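Only heavy atoms go into these numbers, but all of them, side chains included; no hydrogens, no water, no symmetry mates. These numbers were taken from a predicted model, which means no experiment stands behind them.
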2 protein chains.
Amino acid sequence: GFQFVRKKDMARWLVVLITGVLTALVACSIDITIESLSSFKYQWLKECTDKGVLTGVLIVPFLLWAALNMGPTLIAAILGSYIEPMAAGSGIPQVKCYLNGVKVPRVVRIKTLVSKVVGVTMSVLGGLAVGKEGPMIHSGAVIAAGVSQGKTTSLSKDFGFFEYFREDHEKRDFVSAGAAAGVAAAFGAPVGGVLFSLEEGASFWNQALTWRVFFAAMMSTFTLNLVLSAYNGVPGKLTYNGLLNFGKFDDLTYEIWEFLPFLLMGVVGGLLGALYNYINKKLTGFRMKYINTPWKKIVEALGMALLTACVAFFMIYCMDDCREISESAEYPIQMFCEPGKESAAASIWFQTPEKSVRALFHDPPAAFEWLTIGVYFVFYYFLACFTYGLGIPSGLFIPTLLCGAAWGRLTGILIKFMFPDQDWVDEGKYALVGAGAMLGGVVRMTLSLTVILMECVGNITFGLPLMIVLMVAKWVGDFFNEGLYDIHIQMAGVPIMGWEAPSLSKNIYASEVMNRPVVTLRSVEKVSRVVSLLQSHTHNGFPVVDSIPEDGQASYFKSFGTLRGLILRSQLTVLLKHKVFNENTELWQNSKVDIHLFRQSYPRYYTMEEVELTPEDLNMTLDLRPFHNPSPYSVMACTPLPRIFSLFRALGLRHLVVTNDNNEVVGMVTRKDIVRFRMWTHKGRMGLEELVIYNQVA
Amino acid sequence: GFQFVRKKDMARWLVVLITGVLTALVACSIDITIESLSSFKYQWLKECTDKGVLTGVLIVPFLLWAALNMGPTLIAAILGSYIEPMAAGSGIPQVKCYLNGVKVPRVVRIKTLVSKVVGVTMSVLGGLAVGKEGPMIHSGAVIAAGVSQGKTTSLSKDFGFFEYFREDHEKRDFVSAGAAAGVAAAFGAPVGGVLFSLEEGASFWNQALTWRVFFAAMMSTFTLNLVLSAYNGVPGKLTYNGLLNFGKFDDLTYEIWEFLPFLLMGVVGGLLGALYNYINKKLTGFRMKYINTPWKKIVEALGMALLTACVAFFMIYCMDDCREISESAEYPIQMFCEPGKESAAASIWFQTPEKSVRALFHDPPAAFEWLTIGVYFVFYYFLACFTYGLGIPSGLFIPTLLCGAAWGRLTGILIKFMFPDQDWVDEGKYALVGAGAMLGGVVRMTLSLTVILMECVGNITFGLPLMIVLMVAKWVGDFFNEGLYDIHIQMAGVPIMGWEAPSLSKNIYASEVMNRPVVTLRSVEKVSRVVSLLQSHTHNGFPVVDSIPEDGQASYFKSFGTLRGLILRSQLTVLLKHKVFNENTELWQNSKVDIHLFRQSYPRYYTMEEVELTPEDLNMTLDLRPFHNPSPYSVMACTPLPRIFSLFRALGLRHLVVTNDNNEVVGMVTRKDIVRFRMWTHKGRMGLEELVIYNQVA
């Protein structure tokens, strides 16, 4: 009754509240662990380097650096290869697939969460060109899935809470709230989080859901700011500027004609992003082919950690860019500079990537020479590109922003050189624009990224240039290839459903898309037939019909009986497992055969091996009528693809029955049949293609 | 081919670009006209008042004031009552209905736009408690509709552009972009604009569409800032703080325990909002009953203009609150104060409501005495409440914000009184929170309003308290009644479709909702029958069947023939008008009978009177098969309401055919049948009700 409606609604708010708070706490613990351990690491390195410079033996600090990089990387690689391969990478492609309706296995398990959290801490600590933001978003998604189900299958513990949320649709809604909370915790950007979750996950806009997503994001930001303000020694001061990821840009002004350089930077960002994606795509193909065992992956990750240390050390050793010791460098390295000065190249390497972004945004003018930044950009661009796709938990946002900030600041220096007398040239501003352009060029999101960047730097008036730069970068990049997340999803062979039916698919009809022959079940069916069908077919949905026509009458649109309903594999296995047969009605009539029975086993239903049936059972009959869905969505054979697409996309269907004029089943369309058709655009041309989908993913 | 796909896509971007720019230009012209004319008005009033105080004859300035209020109000009232009643009010309810899929007549016509723009300028100039923001949003919607269609039916001019956008779905997408551009222009809030248009209009989230909406909003903000910066004498300085509607809050800090007063203010906002809506609902009912002719409406508006002048004058006359002449008051009135001082009460009345909001937000501490603000709040609350719903173009946002800012500042003064030694008490901050709470309590939007307010004051860190306050205000308000826009939509009897099927409607089936008997057409039908059916029925969609069974066989689920397709009234009238009959094939076979024929007459199709047929024509036959939709969406009679609801909501259906097991038509469900079922929640109880819908609206 209405009491239940209200109770369920309250429970929903409670779940998102808990999700928001827990996500923020996880994010905080990652933040603080990285902060303290890396402070220890760089302090040690600094002392060792200073000593090495004095004695002239620089091999010791180099070896120490290599060891300090490779140690944590080893842990991260073991977690991401042996323990839980699903924890490798940024997690955003997986969350995107999950929200799109693809059931990727193990994405939202507790084991994945733990591996991801520990792993990403170690990756960042290992000095690799990785960020922690993507994994935080993935963590939020896992936490939401866990909290909403009130049980964990991995630890086989059922708390009995929130039983009524145990269905795909509800769970997915909570996961989208968790992802938003993750963004909010990673960047301190609640509005950006909501938009991210809409941009990546939503198909059907739902007011009430969006509010809950917003609430989760809000609670996450609040908890994060509360904990971090206490950690920073200003408890309760929630507007403390140090809480902003990339520091506050206070007065970011721009003149109208600055749009010209901004536009050009957007173009450059798009080009660099497209190149980045191209290289990474080739590399990923190579990795799928050759680096396919955990051992190889671990070795590769260790090699990359070593390479990073080499590059950094080589650059510090060679670059002769001395400057006054600035405030932002926590571990100033003198190297070969005069006393009282520090090496600028060392300062940019001796910190986490996030702090490097902050330094490039906010360090005073002329803090870096153009050569230092130029060399740094070239090295870091390729390091970041090679690093993404290793078998370790690793985010993409921060390294991309860092590359962009580097060439953005370089552009600022160049403009300053061209117009030395102008006071509006702010290197930090150009670093910000460059970071936005680069990120837009690589991941190709616009709306949410704009808002996230605005919230990260605490400035609204600069939103307009950021939007334009991101949009231009996206357009330019889209001319060459797709966003990096989409590339990885495609290469994994996961069938993602687009936003709209592909153009020019109007003349493709249901009759061409559907699967035939169809395996149908009678309303009252023999148990033996059900069992043998389940064993011999992998279908997840079976139309229920009155009677199955003889096989003799062969025609193109052969009928498989008049449609009466649709029953799912999961329902059939539950019915078989609990022996809900006609002949032993007295056994189950009194024990409640209701929705709880089906919810109990969610989300991992019984396999056919787990269903134990005696020979007597096989002779019994199963009445499907009380359990099947009596009014499944169906379309006629002459329905064009765009209409079918809308049904799948907007209603989140997985099975659609195709009927003839007399409402007889002639075929079945599943999600996989639809996503095969994809429109491609490449260098100004477009076309329609049919993809080959791996059979493993459904 | 693909060329066309690309061309259409380019055209879409072009349309939103033009829409954004034009919307901003309209908004600018409203802004600037109000600014200059009201400056003239208040200058004249000030001189007259100063003279009146000296000579002691205050009746002259009072009469002048009354006249200066009633003059512009008269123009606004004539526009909003006689010329175009659709231009009255804020326009947001109408835009909301339009985006929801209700075809409200005359909402997006040029005549409405002109009446609205001139009318709202006059309303604000008339000193009424109205804002210009709602009408600006409506203007954006009209501009988008006009630009996208490339023709105006009102001026009967067809430019021939964008013919391919002449269908409901495309047009609606553009209108949502126009509404976003309107918000962006009204508040300088592009992200808020996108969220507003999603919150109010979207049903199916579409990535590409959202980007275009964002682009429109962005171009609108850009154009607005460009024009206004030139008007303010700082051309090209797009970050000029004066462009922010309510002035920039630079350092808005808050402590964690300040959430307590914020929460309480949220509750107060919710209560005041619910009261506001209650009073306005009663008043609207009264107006619908008694003030139903244009003359009465004009008199009412004039009366309200007079009342506003009386209240203002009375308050200035009585309140003894003198202060140093501050910078924010442009027309300082000395009244009975000492020389060098001004009357605070006069300063708040002698400006447009928008500037009053700004003054309450930013004036230095102790600029207003508590008594002045208290009295002002009481008067203004009722004035604003009475004014909304007059037959003049009038926005709701600014008056509501102003009420909220008044009691918010009052709260600030109170807290300052309680904790006199604390330096964190900022009256302006509390005014902002109060404004948010009040607005949330009245209109009950949360996500978009939070972002709009954040963008209006140029501050991100204060987003969190604003969100919480808005959400609490919404919750408290929702306990008592609905948002003001929804109340007005309901009272107009417009069937708005909610976001989700009402709870507990699972046991309502298609067979209970559908309309019977169904008027069906044969695939090849006699013209005379088509004509007589169109004349005798108002249905907009007719199922096409093979043959219509005899009337004799009466059963509950009487069949009306096997479903073959669906044809729309508009298609039939076009076919009749152009005499596309079987017997005169040679006449139309060569002239192209294609989609252009149907697009030409969009959106106002022929009425039956316009179709002229000779008696010979009536004897001819019409073959519907090339024109009907051969695969209409259909459901079986046993489909529960939530499934039908999803179809209508997600796919934007207007007609759904209900069939029996043999695919024979047994009923029709239209949008109107669905929206009848509504869940109400009131003071903690809920239930399901069936509404009575007026027959005039479809």
Pairwise distance CG(N663(A)) to OG(S634(B)) - rounded to 0.5 angstrom: 8.0 Å
Any donor-acceptor N/O pair, N662(B) side chain to N662(A) backbone, under 3.5 Å: no
4.5 Å side-chain heavy-atom contact, V451(A) and V451(B): no
Any side-chain heavy-atom pair of L647(A) and L647(B) under 4.5 Å: yes
Any side-chain heavy-atom pair of M219(A) and L464(B) under 4.5 Å: no
Minimum side-chain heavy-atom gap F222(A)-I256(B) below 4.5 Å: yes
Heavy-atom side-chain contact between T639(B) and Y633(A) under 4.5 Å: no
W211(A) to T446(B) - nearest heavy-atom pair and separation: NE1-OG1, 2.5 Å
Atom NZ of K8(A): over 12 foreign heavy atoms under 6.0 Å: yes
Interchain contact, Y509(A) with chain B, by part (heavy-atom threshold 4.5 Å): neither
Full working for side chain to side chain contact (heavy atoms under 4.5 Å, CB included) between L447(A) and T210(B): CA-CA 8 Å; L447(A) 189 53; T210(B) 311; 3.5 Å; yes
Structural part of T450(B) lying under 4.5 Å from a heavy atom of chain A: side chain
Test of ring centre spacing under 6.0 Å for W475(A) and W13(B): yes
Side-chain touch D546(B)/D661(A), heavy atoms, less than 4.5 angstrom: no
Heavy-atom check, side chain of M467(A) versus side chain of F215(B), under 4.5 Å: no
P640(A) to S631(B) - nearest heavy-atom pair and separation: CD-OG, 3.4 Å
Validation row: M636(B), L563(A) side chains within 4.5 angstrom (heavy atoms): yes
Which portion of R564(A) sits near chain B, non-hydrogen atoms under 4.5 angstrom: side chain
